[in-house]
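Take a look at the structure set out below.
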Amino acid sequence: MEQIRRQGRSAQAAEALVTNAVAEGRLIPDAPSYTTPQARRRELSVLRVEQDGRESIKPVLSMSDAQTVLNDAKLSPGQRQAAELMLTTSNRVVGVQGLAGTGKSHMLKPTLKAIEAAGYKVQTVASYGAQVRALRDLGVESATIASMLGATTAGRFVMDSKTVLVVDEAGVVPARLMDKLLVQAERANARVVLIGDTGQTKAIEAGKPFDQLQAAGMTTALMGEIKRQLDPVLREAVVLASQGKAHDSLEKITNVQQFKDKADRWEALAAAFAERDAATRDNTLIVTGTNESRRAINDLVRTKLGLDGTGRDYTLLRRRDTTQAERRHSKYFVRGDIIQPERNYASGLKRGTMYTILGSGEGNMLKVVADDGSQVEFDPRRTLKLSVYEPESAELAVGDWIRITRNDAARDLATGNRFQVSAMDDTNITLTAPDREVKLPATERLHVDLAYATTVHGSQGLTSDHVLFHADSKSRTTSKEVYYVAVSRARHTAEIFTDDASRLPASVMRAAEKGTALELAS
């Protein structure tokens with residue numbers, strides 16, 4: 001600002017220039033950064049477990065035996081390097097840096113088979129339900145990290161020296177979960193394989209432990225031969241994106257449409273999706289950066305498909321975006337929202353029960369009421385394991401595609417599971433997927449959302465024939481990592497809808513830098 005004034009401009013003109021630069025993404029507002037001793041301890045713990053575990057375990061197989069087992073697997077050089085590392089390492093924790101579309105499942109199947117044949121138990125895990133489902137669709141049985149850790153604590157899953165944990169999409173695992181995972185593995189003398197890509201988006205929560213571990217020298221194999229893209233030009237675009245050359249990659253994407261007004265842009269994207277035949281729509285993924293645009297596009301798609309006004313209204317529960325720090329203070333809770341405790345508390349809160357927020361009182365107390373009329377008053381500083389949801393009335397119709405937004409063990413539902421509504425009556429909503437049918441009670445509040453569009457974080461780990469990518473050049477959610485994830489989901493085509501095609505190359509070159517507690521402390 002002072003520099004602009006020295007150029008002879010007024011304070012008002014300087015302020016206007018800075019404001020415009022921020023709005024256009026050329027300047028990014030900064031703010032003080034903070035960390036906690038706990039965050040620092042977690043990151044140090046993750047690094048310690050990996051370092052202490054080097055040369056500490058017996059390999060599953062010798063190199064000669066591993067090579068013999070893998071001879072008929074028809075693996076690429078990168079896939080073979082990853083498989084050999086998993087089978088022959090004497091380190092407790094190793095990594096596989098697997099670029100998007102390098103054939104992870106093709107590598108895993110013979111490798112996991114060889115590990116199990118050697119007398120070991122394999123447990124594959126991922127952060128999100130959608131990633132778990134994608135692995136299962138590829139024939140790799142898996143579970144979420146949270147559910148596996150919960151099962152371990154409850155004694156339903158026992159780790160020992162014959163356990164191999166394979167963590168998929170390790171780049172989105174936050175420091176909190178990575179610390180728990182590695183510490184439990186160390187205590188059980190188990191081994192851990194982290195498979196991810198440091199070039200893709202990071203965890204929503206604090207930390208980027210997969211990046212830190214690689215930087216600290218964790219033994220890591222590289223799978224770099226991209227195979228997903230069947231169109232050679234698109235494959236070249238993804239290769240360039242994986243190298244951080246998003247600007248050059250964008251030049252390979254021939255279908256870039258520009259609409260200055262966001263409403264027009266969302267409308268055009270929804271129309272491009274809806275005008276496809278049903279089979280093509282089922283193999284088309286809409287990817288966008290924000291929840292605002294995701295919801296708007298979902299609603300527009302329903303209208304374009306002729307579903308608007310043909311169904312019934314239900315109460316859907318959408319997760320309230322709050323931080324852990326905010327959830328410690330009653331003033332940040334919204335009257336009418338729904339909370340669900342993730343464990344039982346002495347205050348009377350019951351795990352999984354829905355409570356409606358009545359309001360906050362003196363002394364940081366929060367008052368809630370259950371459906372049976374029983375009221376509970378508690379201090380949220382002592383009840384940290386709470387999920388908070390915003391109830392919203394929304395229509396669902398036969399033919400709608402929805403996704404599950406909360407794990408439901410009783411119905412074998414995981415966050416991210418995708419279904420189509422096939423029937424509804426006064427009692428039930430029937431959901432179908434290619435391999436099963438599920439009924440949800442029509443009279444209850446539902447943990448579901450429309451599933452035509454997904455955020456970039458939600459799309460990581462998924463694959464589709466076609467991708468429609470909503471890229472707002474002014475949004476901070478448009479970056480080189482986000483661009484890489486979005487275009488690499490597609491096998492055949494990737495189309496981009498933006499507000500400004502001339503500014504987009506600079507936008508996709510922005511790095512979505514994420515700091516760590518140790519970096520800040522130093």
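FYI, side chains are in, hydrogens and waters are out, and symmetry mates aren't considered; it's all heavy atoms of this structure.
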Do the non-hydrogen side-chain atoms of [X] and [Y] ever get within less than 4.5 Å of each other?
X	Y	result
Leu413	Leu440	yes
Ser142	Asp168	no
Arg294	Asp449	yes
Tyr484	Leu99	yes
Val166	Met86	yes
Leu384	Arg328	yes
Leu87	Leu70	yes
Thr477	Asp472	no

Distance (rounded to the nearest 0.5 Å) between [X] [atom1] and [Y] [atom2]:
X	Y	atom1	atom2	result
Thr463	Arg489	OG1	CZ	6.0 Å
Leu240	Arg235	CG	CZ	12.5 Å
Leu234	His466	CG	NE2	11.0 Å
Leu194	Gln97	CG	CD	11.5 Å
Leu450	Trp401	CG	CH2	13.0 Å
Asn407	Asp412	CG	CG	10.0 Å

Kindly say whether [Y] contributes a backbone atom to a donor-acceptor pair with the side chain of [X] at under 3.5 angstrom?
X	Y	result
Ser464	Asn283	yes
Gln123	Met148	no
Arg281	Arg276	yes
Arg265	Gln258	no
Asn91	Val94	no
Lys385	Arg351	no
Thr220	Met218	yes
Gln81	Met223	no
Asp465	Arg491	no

Task: Glu495 vs Leu468, side-chain contact (heavy atoms from CB on, under 4.5 Å): CA-CA, chis, key distance, verdict - done: CA-CA 5 Å; Glu495 302 175 40; Leu468 305 178; 3.8 Å; yes

Minimum-distance pair of heavy atoms, taken over all atoms of [X] and [Y]:
X	Y	result
Leu75	Ala83	CD1-CB, 4.0 Å
Tyr120	Ser161	CE2-O, 3.8 Å
Thr163	Ala190	O-CB, 3.5 Å
Gly95	Leu85	O-CD2, 3.5 Å
Ala100	Asp197	N-OD2, 3.6 Å
Phe210	Ile195	CZ-C, 4.4 Å

Is the shortest distance from a Lys or Arg side-chain nitrogen in [X] or [Y] to a carboxylate oxygen in the other one below 4.0 Å?
X	Y	result
Glu326	Arg320	no
Asp248	Lys245	no
Arg80	Glu225	no

- [ ] Go through the steps to decide whether Asn417 and Arg411 satisfy the test side chain to side chain donor-acceptor pair (under 3.5 Å), and finish with yes or no.
- [x] CA-CA 12 Å; Asn417 286 170; Arg411 296 184 176 91; over 6 Å; no

Task: Criterion side-chain contact (heavy atoms from CB on, under 4.5 Å) on Trp266 and Phe497, from CA distance to verdict - done: CA-CA 8 Å; Trp266 295 341; Phe497 293 76; over 6 Å; no

Only distances under 3.5 Å count here; give the side-chain donor-acceptor pairs of residues 175-184 to other protein atoms, sequence neighbours excluded, each with its distance to 0.1 Å.
from, atom 1, to, atom 2, distance (Å)
Arg176, NE, Glu205, OE1, 2.9
Arg176, NH2, Glu205, OE1, 3.4
Arg176, NH2, Glu205, OE2, 2.7
Asp179, OD1, Ser45, OG, 2.6

Open item on the list: Please determine whether side-chain contact (heavy atoms from CB on, under 4.5 Å) holds for the pair Leu317 and Arg406, giving the CA-CA distance in whole Å, both sets of side-chain angles, and the decisive distance to 0.1 Å.
Closed with: CA-CA 9 Å; Leu317 297 179; Arg406 180 183 170 89; over 6 Å; no

Task: Intermediate values then yes/no, side chain to side chain donor-acceptor pair (under 3.5 Å), Thr102 and Gln79 - done: CA-CA 8 Å; Thr102 50; Gln79 290 170 337; over 6 Å; no

TODO: Sort out for me which residue in Asp499, Thr498, Thr478 forms a side chain to side chain donor-acceptor pair (under 3.5 Å) with Ser473.
DONE: Asp499

Open item on the list: Angle between ring planes, His447 versus Tyr389, binned at 30° and 60°: parallel, tilted or perpendicular?
Closed with: perpendicular

- [ ] Measure up the Tyr452 and Phe273 rings against each other and bin them: parallel (under 30°), tilted (30 to 60°), perpendicular (over 60°).
- [x] perpendicular

Open item on the list: Among residues at least two apart in sequence or on other chains, which ones pass side-chain hydrogen bond (donor to acceptor under 3.5 Å, both in side chains) with Arg327?
Closed with: Thr322

- [ ] Please lay out, stage by stage, how Thr290 and Thr455 fare under the test side-chain contact (heavy atoms from CB on, under 4.5 Å).
- [x] CA-CA 6 Å; Thr290 65; Thr455 61; over 6 Å; no

- [ ] Decide if atom NZ of Lys252 counts as having more than 12 heavy atoms of other residues, nucleotides or ligands within a radius under 6.0 Å.
- [x] no

Tabulate below the donor-acceptor pairs under 3.5 Å that side-chain atoms of residues 106-114 make, not counting sequence neighbours, or state none.
from, atom 1, to, atom 2, distance (Å)
His106, NE2, Lys74, O, 3.1
Lys109, NZ, Leu138, O, 2.9
Thr111, OG1, Met107, O, 2.6

- [ ] Check the pair Ser479, Glu481 against side chain to side chain donor-acceptor pair (under 3.5 Å), reporting the backbone distance first and the verdict last.
- [x] CA-CA 5 Å; Ser479 65; Glu481 295 86 357; 3.2 Å; yes

